[in-house]
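Atoms within each ligand, like the ligands themselves, are counted from 1 in listed order. Quick caveat: nothing in here was measured; it's all calculated off a predicted structure.
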Amino acid sequence: MDTLTLIRPDDWHLHLRDDDALRAVVGASARQFARAIVMPNLKPPVTTVAHAQAYRARILDALAPAVAADPLCAGFEPLMTLYLTDRTAPDEIKRARDSGFVHAVKLYPAGATTNSDAGVTSIAAVRPALEAMQASGLPLLIHGEVTDAHIDVFDREAVFIETVLEPMRRDFPDLRIVFEHITTKEAAQYVAQASGPIAATITAHHLLYERNALFKGGMRPHWYCLPILKRETHRRALLEAATSGSPRFFLGTDSAPHAKDLKEHACGCAGCYTAPHALELYAAAFESVGRLDRLEGFASLHGPDFYRLPRNTSRVTLRRQSWTVPDSLPFGAERIVPLASGEALAWRLSS
Ligand code: NCD
Ligand code: ZN
């Protein structure tokens with residue numbers, strides 16, 4: 001098989017940043033995806049519908065030059081999210097639901113990851129907002145890691161399931177939840193076996209790499225992201241979930257651009273930049289287990305079904321054509337290093 005045609009996929013977890021960084025990266029996602037759930041962890045975070053509306057307008061402005069340069073970028077739709085804080089009012093949730101452009105609310109445990117300081121300090125603090133979300137059907141997107149410094153960084157997702165997620169789901173059984181960027185077999189099993197409205201996104205990097213990639217021949221900061229890469233047993237469980245055909249699992253790149261200098265740093269930022277070659281990376285992962293036939297469900301069908309949005313109707317084609325991921329790309333006045341730079345990939349999105 002030398003070509004692979006799919007209904008145009010969507011990215012259900014994406015960081016687009018703002019200003020020069022936004023202008024540098026938005027075209028990469030627009031070339032590959034019809035829509036993307038845009039994360040709200042800007043500085044300051046996107047906490048209101050008014051902020052989300054203004055951010056959406058900035059994204060569409062930044063997109064215009066990309067569309068002029070490459071027609072494949074046309075029609076990209078940013079699906080906005082709100083950043084949940086201890087002070088999010090139920091009225092803001094209702095406004096979000098009625099807006100037509102806010103499609104979810106993101107829960108970052110305070111301190112869990114990049115720009116999460118304003119995040120949620122306890123589930124008790126956000127009860128009124130969760131009640132409003134449960135009533136209105138607006139999905140809650142969860143960064144599922146505890147932040148307790150005493151819990152080993154490799155265990156924080158599994159501990160979150162037991163101590164936060166499961167109790168919360170007992171209290172809010174009809175709350176629609178996406179467990180974002182899952183990285184463990186515990187999370188994959190939890191979502192696969194759960195009853196009720198819960199799904200999960202899985203990144204390409206967690207399907208392709210296990211934690212030794214961080215240390216291959218030396219420190220590899222471009223493989224550092226949160227939640228951090230786990231052992232091979234977890235990678236295999238994620239690959240099994242993604243390729244299982246279960247509608248509870250769908251594509252979310254968590255492409256999280258940071259400038260080269262801030263990644264290659266004494267205290268490097270967390271985040272892998274995968275937007276430019278996202279579909280090529282996912283194709284490599286699915287092909288590694290002989291499951292390219294399941295890529296369309298994962299990339300193009302399960303996400304819109306969970307979000308209760310129409311499936312896309314146009315298509316994209318990948319061709320089997322070996323190419324090398326560039327060493328770096330322009331990023332405003334700086335450079336950015338895409339994940340797996342310098343490595344060969346077997347599939348390429350055709351123009
Ligand atoms: C993300 C970022 O840089 O915004 N980083 C990451 O490692 N994934 C934040 C996040 O999604 O956790
Ligand atoms: Zn993210």
Please table the atom pairs, donor to acceptor, closer than 3.5 Å between any side-chain atom in residues 137-152 and protein atoms at least two apart or in another chain.
from	atom 1	to	atom 2	distance (Å)
His143	ND1	His181	NE2	3.4
His143	NE2	Glu145	OE1	2.8
Asp148	OD1	His150	N	2.8
Asp152	OD1	Phe154	N	2.8

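Comparing heavy-atom distances from atom 3 (O) of ligand 1 across Glu180, His15, His258 singles out His258 as nearest.
Screening residues 218-230 for side-chain hydrogen bond (donor to acceptor under 3.5 Å, both in side chains) gives Thr183-Lys230, His222-Glu264 as the qualifying pairs, with residues at least two apart or on separate chains.
Of all the atoms in ligand 1, the ones that sit under 4.0 Å from a non-hydrogen atom of His143 are 12 (O). When each atom of ligand 1 is checked for a heavy atom of His13 under 4.0 Å away, the hits are 11 (O). Using a 4.0 Å cut-off to heavy atoms of Ala270, the atoms of ligand 1 that qualify are 3 (O), 5 (N), 6 (C), 7 (O).
Taking any N or O of Cys225, backbone or side chain, none lies under 3.5 Å from an N or O belonging to ligand 1. Backbone and side-chain nitrogen or oxygen atoms of Ala256 are examined, and none is located within less than 3.5 angstrom of a nitrogen or oxygen of ligand 1. For ligand 1, one of its N or O atoms has an N or O atom of Asp254 under 3.5 Å away. Between Tyr224 and ligand 1, no pair of N/O atoms sits closer than 3.5 Å.
Cys272 pairs by the side chain to side chain contact (heavy atoms under 4.5 Å, CB included) definition with His205, Cys225, Thr274, Leu339, not counting sequence neighbours.
Checked for salt-bridge contact, Asp20 and Arg23 meet the test: a charged N lies under 4.0 Å from a carboxylate O. Checked for salt-bridge contact, Glu166 and Arg170 meet the test: a charged N lies under 4.0 Å from a carboxylate O.
Closest to atom 12 (O) of ligand 1 among all protein heavy atoms lies Thr113 OG1, 2.7 Å. The shortest contact between atom 7 (O) of ligand 1 and any protein heavy atom is with Leu226 N, 2.8 Å.
Between the side chains of Arg291 and Thr243, no donor-acceptor pair is found at a separation under 3.5 Å. For the residue pair Asp86/Thr121, the side-chain donor-acceptor check at 3.5 Å is satisfied. Under the 3.5 Å distance criterion, with hydrogens and angles disregarded, no donor-acceptor pair is assigned to the side chains of Glu280 and Trp323.
Shown here are the protein N/O/S atoms lying under 2.8 Å from the Zn ion (ligand 2), water excluded: His13 NE2, His15 NE2, Asp254 OD1.
Neither the backbone nor the side chain of Asn115 comes within contact range of ligand 1; no heavy atom lies under 4.0 Å.
By the 6.0 Å and 45° rule, Arg176 stacks over the aromatic ring of Phe306.
Heavy-atom separations between Arg17 and ligand 1 include at least one value shorter than 4.0 Å. Ligand 1 lies nowhere less than 4.0 angstrom from a heavy atom belonging to Met39.
Of the inter-residue distances, the one linking Leu84 atom CG with Met133 atom CE reads 7.0 Å to the nearest 0.5 angstrom. To the nearest 0.5 Å, atoms CZ (Phe286) and CZ (Arg294) are separated by 9.5 Å.
The only member of Phe250, Tyr282, Phe249, Trp12 that meets ring pair (Phe, Tyr, Trp, His ring centres under 6.0 Å) when paired with Phe298 is Tyr282.
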